[in-house]
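Both counts, for ligands and for their atoms, begin at 1 and track the order of listing. Just so it is clear, the values below take in all heavy atoms, side chains as well, and ignore hydrogens, waters and symmetry mates.
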Amino acid sequence: MAMEDKNGQLQQNSYVKGELLHHIFINEEEHFSIARIKVLETNESFKEKDMVVKGYFSRLNEGETYVFHGTFEQHKKFGLQYQVNHFKRFIPETEDGLVAYLSSDLFYGIGKKTAQRIVKELGETAVSKILQDPGVLNSIPGLTQEKAEQLSKDLAEHQGFEHIVVHLSNYGFGLKMAQKIYQAYKDEAITILEQDPYQYVFDIEGFGFQRADEVARQNHIPMDHPSRVQAACIYTLQQSIQEGHVYLPLENHLQAVDELLHGEEHQIEPETITAQIAELNKRKKIIVVDSRVYLPSLYYSESGFCTNIDRIIKQAISEQPADAELLKIVGRIEEEESLSYGKEQYQAIEKAIGSKLMVLTGGPGTGKTTVIKGIINAYAEIHGLSLDPDDYDNDATYPFILTAPTGRAAKRMKESTGLPAVTIHRLLGWNGHETFEKDEDNQLEGKLLVIDEFSMVDIWLAHQLFKAIPNNMQVLIVGDEDQLPSVGPGQVLADLLKSGLVPFVQLNEVYRQKEGSKIIQLAHEIKNNQCRHDSLQQETDFNFIECPEYQVVDVIIQIVKRAHDKGVDLRDLQVLAPMYRSKAGIHRINEEIQKLINPKTNQRREIRTKDITFRTGDKVIQLVNQPEDGVFNGDIGEISAIFEEDEGSGQAEEVVVAFEEKEVAYERKDLANIMHAYCTSIHKSQGSEFPIVIIPVIQGYRRMLRKNLLYTAVTRCKKSLILCGNKQAFIQGVNEQDTNRRFTSLEEQLRELIENVPQPEQEEEGELSPYDFL
Ligand SMILES: Nc1ncnc2c1ncn2[C@@H]1O[C@H](COP(=O)(O)OP(=O)(O)OP(=O)(O)O)[C@@H](O)[C@H]1O
């Protein structure tokens, strides 16, 4: 950290003082610049007359002098550059220098005489005095109030960002965080930081509670300050979202807040926390209902989703065929498709046609896709609608909407049904700022909406989607309830099914098994808690290679090598593992496969980050939703190009990834959004399927191995599944239920609605209705 002593002397190890000659590259939005400077002074053994500096700073003034702090970096093409951590405009410390600075063109209306009076009155530290308190200018003889105001404003503007950067560096914040802070608060940044650092926790991404605590301590803000307690209340709720919770029970919340606030030398009384929770509740910063504490966005998502489910299921259905008529229609579809629907499958088609909203659930190979097609075909025939998009004027008038939460799932839907399908984000028109074009005031157009892979949809997205569904639309939700729940908060599919409010059909009979699939059989044995050692016998499409833990990575490499040598397209082969950092973790497996498949050569460009080396030709996975670029968490692509920085053309350093439908360019700062995908996490594989899947299973993964995790992993495979490691660890894992309960109130809220739903007519004997489950 750079510090100045009392005399303003630099105590930083490395510095370069230089006059800015010209800018090479400027990104105004990011405050990122590359510039050439004339070196005036440095404590480094740098002998050249000028050099290139780069870092997160705004446009600097050419001809002015700055002191930069940072480190030298050797750039492959451009040689030695100085990576700036922070910097400061050099203000001459002599009285004459300061007078020249204040009377320069930078400050309108300040002549030499006025500048001399300011320096005489305020001394060599005049600039920081004015910045801290513009009122000091009132004492300068002959300086009108108007000019004084103008000068302090101009000084603040010129010094603003730099001043803030220097100030923040005293708290240990780097340029990048300083830039984020400056964007959010501008000139207020320091005042807010020093008076109420906890505000940063809410407004600045990546600014944690502990950081705010450190700043508060340095500024002697008491540990029981209301702001601190309130920040802890909100921060703990934000953290709980990571575990999938929609709310925290008051008791758990109090405990979590207490743990966060508790220090060796200070203790916060429970009453203080309760009082601040009440205060936040009053100000609608959190919502407390029935001893449950919610963040408002999640509370309103959950209650909004319930309201919309209620609205939709209460609507009447426009046209409904008589039973005999539907039988005839389904018979015709069976003929066209050359199959005969099973009892459950027919029931699913019948119930979907007769319900405003229905959930279709079932494991792999039970015919969910087959039934989706049956429902769409039957709907089209009943309503006299063509399935061919070319028969409609434009996309908006096409009556069938097929959607899924990820790009890959939408693509699979499109392939299996032969109809257009899009991601939920695309369907709703994501505008990149957490809002969508489609909402309650601008609803979707269409007649039948089918949402696949619904287990992956969190409560926030579910709410956004359902508020955009118009009254005249019929809705079919499809998902496998035994899969892992959504990455985001909630367990919407499971809660919908448990509530009993919404009609649903569960498909149990497995059809793909009839074609001799061991993979499907294993999936159902896991699902039905019947997986034993003899379930893991070798079959044509399944093998469990037993090996000790230390050999598991070698075994994976051998399998991948054999597949590669045989000409298998590596996009069709996926290694799935549950953990990132272990001896047989995702990172290690990726490194080893990269060495094998895509080693370093002179032909392949590469770019190194702290942990990873990316090379052209590498298989990579997107780690976050980036809807503005049309890529989503879990999408897999290949690095098609790496561009080095080019001063001449202004080309920034970039990695270009070719995804299935588009190319996306990542600057260095965005490379954390991707990682190698030779091996990916099971969580990230949700919604995707691969012909060949390899899953290492070892005792070292024990704390992660759970039934729904292994079930999700196994069901990602379509043709050939290879497990390797320890059979006992696998058997123990599939017998381990996920006991991490997610706190959601959706099921309860939906149940409360049941009283208001008109009771259906008497069901035929043997048919399931939601009311059978109450
Ligand atoms: N009634 C049926 N008669 C004959 N074959 C069927 C029937 N239902 C489904 N199948 C066949 O079973 C296989 C699995 O069906 P489908 O793909 O619809 O299941 P799914 O539940 O969508 O599976 P997954 O989730 O694994 O994709 C397909 O080959 C399908 O043609």
Taking 4.0 angstrom as the limit and counting only heavy atoms of Ser340, give me the atoms of ligand 1 inside it, by number and element.
1 (N), 2 (C), 3 (N)
Contact between Gly362 and ligand 1, counting heavy atoms under 4.0 Å?
no
Looking only at non-hydrogen atoms, which of Thr369, Thr370, Asp452 approaches atom 31 (O) of ligand 1 most closely?
Thr370
Atom pair CD1 (Ile353) and CD (Gln320), whose distance is rounded to the nearest 0.5 Å
8.5 Å
Can you check side chain to side chain contact (heavy atoms under 4.5 Å, CB included) on Val246 and Leu746, steps first, answer last?
CA-CA 9 Å; Val246 171; Leu746 181 60; over 6 Å; no
Using a strict 4.0 Å cut-off to heavy atoms of Lys718, name the atoms of ligand 1 that fall inside it.
24 (P), 26 (O), 27 (O)
Output field: ring centroids Phe305/His463 closer than 6.0 Å
no
Derivation of the side-chain hydrogen bond (donor to acceptor under 3.5 Å, both in side chains) call for Asp534 and Gln537:
CA-CA 6 Å; Asp534 32 329; Gln537 306 277 356; 5.8 Å; no
Within the 4.0 Å heavy-atom shell around Gly363, which atoms of ligand 1 are there?
21 (O)
Is the closest basic N to carboxylate O distance between Arg412 and Glu453 below 4.0 Å?
yes
Would you compute the distance between atom CD of Glu638 and atom CZ of Arg571 and round it to the nearest 0.5 angstrom?
6.5 Å
Ligand 1 atoms in contact with Thr366 (distance to a heavy atom under 4.0 Å):
19 (O), 21 (O)
Winner among Tyr346, Tyr511, Tyr341 once heavy atoms are compared against atom 6 (C) of ligand 1
Tyr511
Purely on distance, is any nitrogen or oxygen of Pro364 under 3.5 Å from one on ligand 1?
no
